[in-house]
Every structure is written in C-alpha cells, then in structure tokens.
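Read through the structure below, which is laid out as structure tokens, and then see the notes.
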Amino acid sequence: MRVLCVAEKPSIAKSITGILSGGRFTTRNTRTNFIKNYDFDYPQTNAHFTVTAVAGHLTSHSFHDTHQSWNSCDPFELFDAPVKSEISKDAKTMEANILAEARTADMLMIWTDCDREGEHIGSEIARVCRKAKRNIIVKRARFSAIIAQQIHNAAQHPVELDQAQADAVEARTVLDLKIGAAFTRYQTKTLKALANLPGELKIGPCQFPTLGFVVARYNDVQGFIAEAFWYIYLALTRNGEETKFNWRRGHLFDMDVAAVIYQQVLSDVTARVTKVTKKPTKKWKPLPLTTVELQKAGSRLLRLAPKKVLDIAEKLYQQGFLSYPRTETDQFDPQFDFMTLINKQTVDPAWGQFATTLQGGEFTPPRRGKNNDKAHPPIHPTAHVGNLAGDEKRVYEFVTRRFLACCSKDAVGSQTTIDVVCGGEEFFTTGLIVHERNYLDVYPYDKWVSHAVPDFAEGEEFRPSVCELKDGETSPPSLLTEADLVTLMDKNGIGTDATIAQHIETIVQREYVIERFEGQVKYLVPSTLGIGLIEGYNQIGFDKSLSKPQLRRETERAMVQVCERNKTKHDMLNQAIEQYKEMYIIARRDFGRVITVSQSRFLPYSI
DNA sequence: GCAAGGTC
C-alpha cells in the first residue's frame, strides 16, 4: 500500500514526516524550490508513505474570454457570467509533482489545515490526484495540533473530506470575484472621465467596509461638538502630600444643578471618612497570542504596521524561531510541552533569569481564551535566538516575553478605597499597592504601578484643602489607529487573521487612506478620494450600504450555513448575488449623486 | 486590468 500525503504547506509536511517516520526518512527535491517529497515506511498501517505539500490554493478563478476584457460587456453582466477555475501559473510545478506522485499511489491522504480553506485546498488536491489516477482512495487526516499522538491518530484513522466546507469556500470565491470585478469596472469607467485619476478604482467586498470604518471615524471626529460639564473637586493636603477625591456623580452636564449642589457642599465643608475598604486585587497575565493580537500589539507597542509585523513573524517562522504566525487560537493544548520551550529561553541575557524561575517552580499554566481554530497553537517561540537586530529582534522579543508572561503568575496587589461624605455629597479615592509583580517582570508592555493613599481611619473628619466647582468639556474621539481598525475588522468578520493586515495596506496603497502621524502615533485618515467614494455610496441611501460591514457579515453567516448543510452553495451564491445586484442597480441609477459628491473631492486629488 | 483567500 502506497499512501500519498499532501499538506497545505511545506512546514507541516516536514513536521508530520518527522513524527510519523520517527526521524528515518529520505528526501527528494521537486521542481518547486521550497517543496520536498519525503519517503518512509509506516509499519503501524503497513504502508509506504510519501509526504509532500502544496503552498495554499492551487487554483484561481477568472471569467471566460467573453467577459474577460473590460469592454466585452456591461459590468452588470458579470454577476451572471460563468466563472472558470484553473490551476494558477505559480502552482503548475506543484500540480506536476502531485500528479506524478499520485500515479503510483493507492491512497491520497489530505493533511491540509483543519479549517474551511484547508478543506477547499484539500478538494483541489483531490481533483488533481483523481486526474492522475481515477480510482485513487481519497481520505483526510484530522488533527488540531502538531503533537505526536494526534498525528499518529490522524494517520491511522483518516476521515472523509468535508465537501460542504469546500463548497462554502467555492461560493465565496466566485462571489468575491464577481463583486470586485463588477464594481471596480463600473466605478472606474464612470468616474475616470471626471478626474485625473491615476489608475483603476479597485474595490472589493472587504475593501468597502474597511474604508468605510476609516471614513466613519473621520466623520465622527469632524462632526464632534464638545459638551461642557461641571464637577466638584475635593482634595486634602496632609504632610505636604495632596490626595485628590473623585465625585461619585462623576460630572454633570447641567451647570445650574451642579452649582446648587456645590452651594450645599460649601454650607458644611467638613469631610467625614465613611468607609475604608482594602481588598486584594490582581492584574491578569495576558492571553496566549493570536495573529490579530500580535498585530494590534505590534502596532500599538512596537509602532510597526500590522502587515509589517506579520511579514516579520512569517520570516522568523521560516527560520524556525517562531511557531506558525497565522492562528486564531488563544488556548494551548493541555498536552503542550511548555517546559522544553521555557528551558530554551533560560540562556537569554535579558529574560533568561525569568525563564529560570519559571523552570524552578514558578510555572503556572496559561489562561485559556475562547478561540480555537483547531489548526495551530498560539504564537510562541520555538527556539532561542540571540543575534537578531532591529524590528526582527523587537518582534521576537515581544512574542517571547508574551509567552513567558503567559506561563507566569498574575500580578498581585491590594486596592484601598476611601469613601468620604462632604456636605451630603459622596467622594472617593483609591490607592494601589503592588505586592508581587510576577509576570510584569518579564512583560514591560503592561503597566501597573503602586500609588499609595495616606492612612485614613473610618469616622475621621477633615477639612478639605480644596473644594471647587470645576468645569471641563467632552473630548472628541481620536482618529482611527491601525490597531483600532484591526479590532473593528476582526469584530465584524471583515477579512481573516491572515488578510486583515493586507486589506489595510491595500486601501493605503490605493490612496483611499492616508497615514497621518501625530507625534509617534500613526492615524488613518481618508483621502479626498476615499471620502468621495464612501460618501457617494452612502448618499445613495443604502440601508445595507456597501461601506458598512453588514453585507460581508451576511456572507460569512451564509458560509457557516453551507458548512452546516443548512444551505447549498448555489442558494448562498444566488442570494448573495441578488443582494449585491440590487446595490449595483441603485448605485447605477443614482450614480449622478456619487459623481456630484465625488467631483469636488476628486479634483484636488491629494491631501 | 477586477477579489479574497491560502502561502513562498
């Protein structure tokens, strides 16, 4: 029996080979530089195994010649035009490899990631192998972590490929192409005549809402009207130290009411301590690291663009320093071997000492988040490396410190709250004493510092040194940062962990969005072009405007229904296409308004 | 010449 195993990427092929072969295997090169074929015997199932890989999807989708050219048809026709799927140019040599290997194999065992895209890639691989050998047995190995026991179990008990998941991905792929092509061709043709545009106005179902978020926040900032408020401020200076008290009411927007209360307080300005509460408190250590969290942290703490952080993590992964950097999982497998990885870090001059204390008994299992993609563990260092420089060093350091922090203990402190009453009004102040820093010692990105309050006794009375009616005003929301945008996209299901950063980079490259620095912080502001497009589409009055996340969220939901077999891929495709067609028709009917809004925006092209 | 999703 000869079994051909095909993984989604070379690294997985290598890992499962190492486990299944027990380290005894031979390696053959293929015509694709980075893909190897591994051969070995697997006595457990009395089979000869060949393990290889592809690199993601093998096929790409396009229109037939009749609709390929921009002048071949009205863009609207694209919604109903047939779409063909072909092996993409880059994938030809990978296809040739698995074709050749499949010819002499009895069974194909698919080892792609256990997610929707993995199931679809599996279906692409199966199609190629059946072309080489019509009656090849097709099986799928199911595993949720690269752990010896799981990999052996998957190899010995393969299951069937899940066609429903592959169908869901197929439907989305076709849908995205049609939407992207129809709207891109239409708005480019219509608006290009107007202004001196640099090229095509490319747009797609993820680009629309991503840009929409940036414009919406910009409008919130522009349209913000500050509101005045009033509050009573109380302070006590004792032994040269000032303690500030907060008003329980926070602040009031009605000056007259605030003034009346203030007068009442002034009638008796003796403050009495009603309660002194001292309670233990903790600062929780961080959750295991996902891609989205890495990007947010990278943007906020390291000031690196999300795409840049992911590119660096990718490179460190390829060098064997980090685990796979695209993961939604924020819980470690219970069998995860923490100690071996912690041991590797004990030699580091900066955090080695801390790793040693974890080794010596301070280790505590990481917190468990709510997400598990069943394909990859949280991001962690897989080896120690001491000779990195620049941004690579900073990203590696962040991931490593985060991992060690996860394996450490929460910080422990105690919080003191002092409640006082003055003139019938309640005020309070709090103090914090940090007793054990624990994970904070290795994770300087979190701040938690003691701020003591003087000793107050219950029942104690004092005369405040300050009692004033102060005013202030509400402050505008801040412009969107990249970290904010990643959060919004993640929450609304726009893009995936692997593509969110890409989408952000795309709208910047297309000049719909401009990066604006205020000090060290980078904000995203829409360009005149970006505002013109989004406001134009919004003015048309879609309740499900293309600039809002709703339509994309519905696509995501429909995919889940297809996966659960509550909907066919044809129904999903037809229903979604009908909705986008409707948007398109309204846009075309009212596009004059888009043009009016756009014209003033487009002419002064750059900001 | 259009997208979004994989990964190199």
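Below, chain A is the first sequence line, B the second, and so on; all start at residue 1.
- In this structure, G118(A) reaches neither bases nor backbone, as no heavy-atom distance under 4.0 Å exists between it and the strands shown.
- Summarising the local packing, CZ of R394(A) is surrounded by more than 12 heavy atoms from other residues, nucleotides or ligands at distances under 6.0 Å.
- Salt bridge present: R552(A) and D176(A) bring a charged side-chain N and a carboxylate O closer than 4.0 Å.
- Computed from coordinates, the D74(A) CG to dC2(B) C1' distance equals 15 Å when rounded to whole Å.
- Nearest to the side-chain atoms of E314(A) among the listed nucleotides dA4(B), dC2(B), dC8(B) stands dC8(B).
- Taking the nucleotide of DNA chain B with the nearest heavy atom to each of T173(A) and A498(A), the more 5' of the two is matched to T173(A).
- A straight line from OH of Y324(A) to P of dC8(B) spans 7 Å, rounded to a whole angstrom.
- Atom CD in Q502(A) sits roughly 13 Å away from atom P in dT7(B) (whole-Å rounding).
- N33(A) comes within contact range of no nucleotide atom at all, as no heavy-atom separation falls under 4.0 Å.
- Between K9(A) atom NZ and dG6(B) atom P the separation is 10 Å, expressed in whole Å.
- Contact annotation for P75(A): no contact, since no heavy-atom pair falls under 4.0 Å across all strands.
- Taking every side-chain heavy atom of C206(A) into account, dA4(B) is the closest of dT7(B), dA4(B), dG6(B).
- With DNA chain B read from its 5' end, the first of the two nearest nucleotides for S69(A) and Y317(A) is the one closest to S69(A).
- At the heavy-atom level, I179(A) lies nowhere under 4.0 Å from the strands shown.
- Of the listed nucleotides (dC8(B), dG5(B), dA3(B)), dA3(B) has the atom at the smallest distance from the side chain of R510(A).
- You'll find that the side chain of T184(A) is closest to dC2(B), out of dC2(B), dC8(B), dG6(B).
- In the set dA3(B), dC2(B), dC8(B), the nucleotide with an atom closest to the side chain of P205(A) is dA3(B).
- In terms of modelled atom types and a separation under 3.5 Å, the side chain of D162(A) and the main chain of A164(A) share a donor-acceptor contact.
- Between the side chains of D497(A) and T327(A), not a single donor N or O lies within less than 3.5 Å of an accepting N or O.
- Between F63(A) atom CZ and dG1(B) atom C1' the separation is 12 Å, expressed in whole Å.
- Between the side chains of H376(A) and E328(A), not a single donor N or O lies within less than 3.5 Å of an accepting N or O.
- I35(A) comes within contact range of no nucleotide atom at all, as no heavy-atom separation falls under 4.0 Å.
- Proximity of T188(A) to the phosphate of dC2(B): no side-chain N or O atom is located under 4.0 Å from OP1 or OP2.
- The side chain of R326(A) contributes an N or O atom lying less than 4.0 Å from OP1 or OP2 of dT7(B).
- For dG5(B), the OP1/OP2 oxygens have no side-chain nitrogen or oxygen of H61(A) closer than 4.0 Å.
- A straight line from OH of Y580(A) to P of dC2(B) spans 19 Å, rounded to a whole angstrom.
- Look at R552(A) and you'll find a side-chain N or O under 4.0 angstrom from OP1 or OP2 of dG5(B).
- Here dG6(B) presents its C1' atom at 10 Å from NE2 of H120(A), a figure rounded to the nearest Å.
- The interatomic distance linking F79(A) (CZ) with dC2(B) (C1') rounds to 12 Å, in whole Å.
- Of the residues K308(A), K307(A), K315(A), the one that meets the salt bridge (Lys or Arg N to Asp or Glu O under 4.0 Å) test with D311(A) is K307(A).
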